[in-house]
Amino acid sequence: MTQPSVDEAYLAKRQLRKGTAGWMLLAGLGVSYVISGDFAGWNFGIAEAGWGGFAIAACLMALMYLALVLSLAEMSAAIPAAGGGYSFARQAMGPAGGYLTGLAVLIEYALAPAAIVIFIGAAVESLLGINGPLVYLIFYALFIGIHLAGVGEALKVMMVISGLAVFAILATAVALIGDFDATNLFDIAPTDAAGASTFMPFGWYGVWAALPFGMWLFLAVEGVPLAAEEAKDPARDMPKGIIGAMLFLLFTALLVVVLLAGAAGAEMIGQSGVPLVDALNAAGNPTLATVVNVLGLAGLIASFFSIIYGYSRLVFALSRAGYLPKALSLTSGRKVPYLALIVPGVFGFLVSLSGEGDLMLGMAVVGATISYALMALSHILLRVKQPDLPRPYKTPGGVVTSGIALVLSLVALTGVYAFDPRAFNYTIVLFIVGAAYFFLYSKHHLVAKTAEEEFALVVASPEDLEGSDSDPAVTTAKL
C-alpha cells in the first residue's frame, strides 16, 4: 500500500508551541514526573530485601537511570522530537523498532496516572473522607483541563506543585537528621535465604525482587525528551534539563532511603503506607508530620499532572507519524494536542475504576524496562550506524554507558517477574496486542516513509506551514 504524502494542511493542524520551555522548566518536568515516588512505594523494597538489600537494588537502579539519562541527553539534543524514545528508536531501528519502543513507553505512561489517581483518592480520603470514581474523575478532568489551556501555563502550575512536594521532603530530612541511628537500618532479623545476613536479611533473592521498588525512586524521568519540540534551545536545554533532574532525584532518593529508616527503623518503614509521615511521628514531630501528609498529596498530583503531559506528547508524535489514528495528533489554537490529552485520559479513568493500583504500577514498570532496553540499544546503534550525526552533547563513556543501561534494564525486567508475575504476564499480552495492531494495520499507513523524512516533518517551521497558499507538493518536496 502506498504511504500517504505529507502536505501543508496536514502539518499545519499538528504543530506544538515551540520555545516554551527552558532548561529549568525541563528539569522541573523531570523532577515532577518522579517526585511522588519519594513519598511512598519505594519503601516496600525494604520489606522485600531489608535495608541493605534494598540499598543495593536502589544503587543498581540509580546506575541504570543515570546511564540511560546520559544516553538520552545525547539523543534528545541530536533528534529533538516530541516522541522522545520512540523518535530515537525510529531513527536507529526503523518504523517497527520505533513503534515497539513507543508502545512500551505508552503502556508505562497510560497506566501510571491511573495507578497514581487511585493513590490520590486514598490521600483525599484520609484528609476529607471521600474517595472513589468521583474523586478520580475530578482529578482527571481538572488537570487535563489545565493542560488544554496551553503548555506554558501547564508547566508553570506543575513547577509550583512540585516545589511544594520538594519542600516537604527537604523539611522531613532536616527534622530527622538529629534522630538518625545507623543501628535502626538493620533491625530486621536475617532469614535462612541464600546469602542472608544482617545487612541483607532476605538474601540475594530479596535484592532481585526489590529492583522494581528501586526504580520507583526514578521512574519516568526518561520522559523529559517528550518536551523536546517545545524547548527553547533543544540542543542546549535538553541535556541540561534531563541531567539536572536526575542529579536532583539522586539527592532526594539518598535523603529518604537513609534518613527515614535511620530515624524510625527499617522494619517499620518497610511496612508503612506513608513513610515520611510515620518517620516524623516516630521521631516526635507530629505537627510537621501533618503538614507533610498534606504536601504528600502535592507530590502525587505533581507526578499525575506531568505524566498526563508526557503521554499526550507521545500519543501526538505516534499519531502524527501514522502509527496511531491520525486524529489524535490534531492541535488546538493554543498548539495543544487536545485529543491526545483526552482519549488516553478517558482510558486511564476507566482503568482506575478497577482499584488495582499496585497491579497497574507493576505493569507500568514492565513497560518502562522494555522501553529502557530499546532506548539504550538505539543509542548504541546510532553511534555505530550514524557516527556523523551532529551531536551537540555526547554521552560520557559512549556505548559503554548505554550498554550498562541496556544490561541493567533487562535485569530489572526480570525483577518485576520475581515480584509480581501477574503484572509481567498481563503487560506482555498487552504489548503483543499493540504490536499486532502495527504489523497488521498501521505500518501500511505511516505518514513519513523514512526516519529522515519524519525528522524533517518535526523541524519544519510553523511559519512555512500556516497560512500558506503554495502548492502542497512543494512542502512535500522540502521534506
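Values in this document were obtained by computation on a predicted structure and should not be read as measured data. Excluded from the calculations below are hydrogen atoms, water molecules and symmetry mates; all remaining heavy atoms, backbone and side chain alike, are included.
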Kindly indicate, with the supporting measurements, whether the criterion side-chain contact (heavy atoms from CB on, under 4.5 Å) is fulfilled by Thr252 and Val166.
CA-CA 8 Å; Thr252 58; Val166 169; 5.5 Å; no
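- Between Tyr86 and the options Phe316, Tyr323, Tyr99, a ring-ring contact (aromatic ring centres under 6.0 Å, His included) holds for only Tyr323.
- Remark: the backbone N or O of Pro201 is paired with a side-chain donor or acceptor of Thr191 at under 3.5 angstrom.
- Taken from CG in Leu377 to CE in Met93, the straight-line distance is 5.0 Å, to the nearest 0.5 Å.
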Before you tell me yes or no, could you show the steps for Leu72 and Phe88 under side-chain contact (heavy atoms from CB on, under 4.5 Å), namely the whole-Å CA-CA distance, both residues' side-chain angles and the distance that decides it to 0.1 Å?
CA-CA 9 Å; Leu72 291 174; Phe88 312 148; 3.7 Å; yes
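- Distance check: Ile120 CD1 to Phe305 CZ gives 11.5 Å after rounding to the nearest 0.5 Å.
- Across Asn285 and Ala175, no two heavy atoms sit closer than the pair ND2-O, 4.2 Å.
- For the pair Leu26/Ile242, no side-chain contact is recorded, criterion being any heavy-atom separation below 4.5 Å from C-beta on.
- Here the closest heavy-atom approach between residue Glu125 and residue Asn131 is recorded as OE1-ND2, 3.2 Å.
- In this structure, Phe424 and Tyr417 have perpendicular ring planes: the angle between them is above 60°, well past the 30° mark.
- The two residues Ile301 and Ile161 come nearest to each other via the heavy atoms CG2-CD1, 3.9 Å.
- In this structure, Gln91 contributes its side chain and Ala89 its backbone to no donor-acceptor pair below 3.5 Å.
- Other residues, nucleotides and ligands contribute more than 12 heavy atoms inside 6.0 Å of the CZ atom of Phe199.
- The heavy-atom pair separating Ser272 from Asp278 by the smallest distance is OG-OD2, 2.5 Å.
- Screening Val365, Thr369, Val34 for a side chain to side chain contact (heavy atoms under 4.5 Å, CB included) involving Leu219 leaves a single residue, Val365.
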Checking Leu260 against Trp42 for the side-chain contact (heavy atoms from CB on, under 4.5 Å) test, could you report, in this order, the C-alpha distance in whole Å, the side-chain angles of both residues, the deciding distance, and whether it holds?
CA-CA 12 Å; Leu260 267 60; Trp42 64 268; 3.9 Å; yes
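- Side-chain contact between Val346 and Tyr140: absent, with no pair of heavy atoms (C-beta onward) separated by less than 4.5 Å.
- A donor-acceptor pair under 3.5 Å links the side-chain atoms of Ser306 to the main chain of Ala302, judged by distance alone.
- In this structure, a donor-acceptor pair under 3.5 Å is absent between the side chains of His147 and Ser312.
- Taking the side chain as every heavy atom from C-beta outward, Arg383 and Ser402 never approach each other to under 4.5 Å.
- Looking only at side-chain heavy atoms (C-beta outward), Tyr109 and Pro344 stay at 4.5 Å or farther from each other.
- Judged as a side chain to side chain donor-acceptor pair (under 3.5 Å), and not counting sequence neighbours, Thr172 has no contacts.
- Contact record, Gly348 with Ala114: O-CB, 3.4 Å, taken as the closest heavy-atom pair.
- Here the straight-line distance linking atom CZ of Phe218 with atom CG of Asp38 works out to 8.0 Å at 0.5 Å rounding.
- In this structure, the separation between CZ on Phe143 and CD1 on Ile138 is 11.0 Å, given to the nearest 0.5 Å.
- With hydrogens and angles disregarded, a donor-acceptor distance shorter than 3.5 Å links the side chain of Asn43 to the backbone of Gly41.
- Residues Tyr33 and Tyr309 have side chains that never bring a donor and an acceptor to within less than 3.5 angstrom of each other.
- In this structure the side chain of Leu217 never reaches within 4.5 angstrom of the side chain of Met61, judged on heavy atoms.
- The two residues Ala266 and Asp187 have their closest heavy-atom pair at N-OD1, 3.3 Å.
- Residues meeting the side-chain contact (heavy atoms from CB on, under 4.5 Å) test with Arg236, sequence neighbours left out: Trp23, Asp233, Lys240.
- Counting heavy atoms from C-beta outward, Ile79 and Arg90 have side chains that stay 4.5 Å or more apart.
- The main-chain N or O of Met159 is never found under 3.5 Å from a side-chain atom of Ser162 such that the two would form a donor-acceptor pair.
- With values rounded to the nearest 0.5 angstrom, Ile118 atom CD1 is found 8.5 Å from Leu361 atom CG.
- Ile370 places a side-chain heavy atom less than 4.5 Å from the side chain of Ile428.
- Aromatic pair Trp51/Phe54: centroids not less than 6.0 angstrom apart.
- The shortest side-chain heavy-atom distance between Met64 and Val411 does not fall under the 4.5 Å cut-off.
- A donor-acceptor pair under 3.5 Å is formed between the side chain of Tyr311 and the backbone N or O of Leu341.
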Between Arg391 and Leu382, is a side-chain contact (heavy atoms from CB on, under 4.5 Å) present by the stated rule, with each step listed?
CA-CA 11 Å; Arg391 291 173 168 85; Leu382 284 171; 3.9 Å; yes
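- A donor-acceptor pair is defined here as one N or O able to donate and one able to accept, closer than 3.5 Å; such a pair exists between the side chain of Asn184 and the backbone of Gly262.
- Here the straight-line distance linking atom OG1 of Thr395 with atom CD1 of Ile380 works out to 10.5 Å at 0.5 Å rounding.
- In the displayed structure, Tyr393 atom OH is contacted under 6.0 Å by more than 12 heavy atoms of other residues, nucleotides or ligands.
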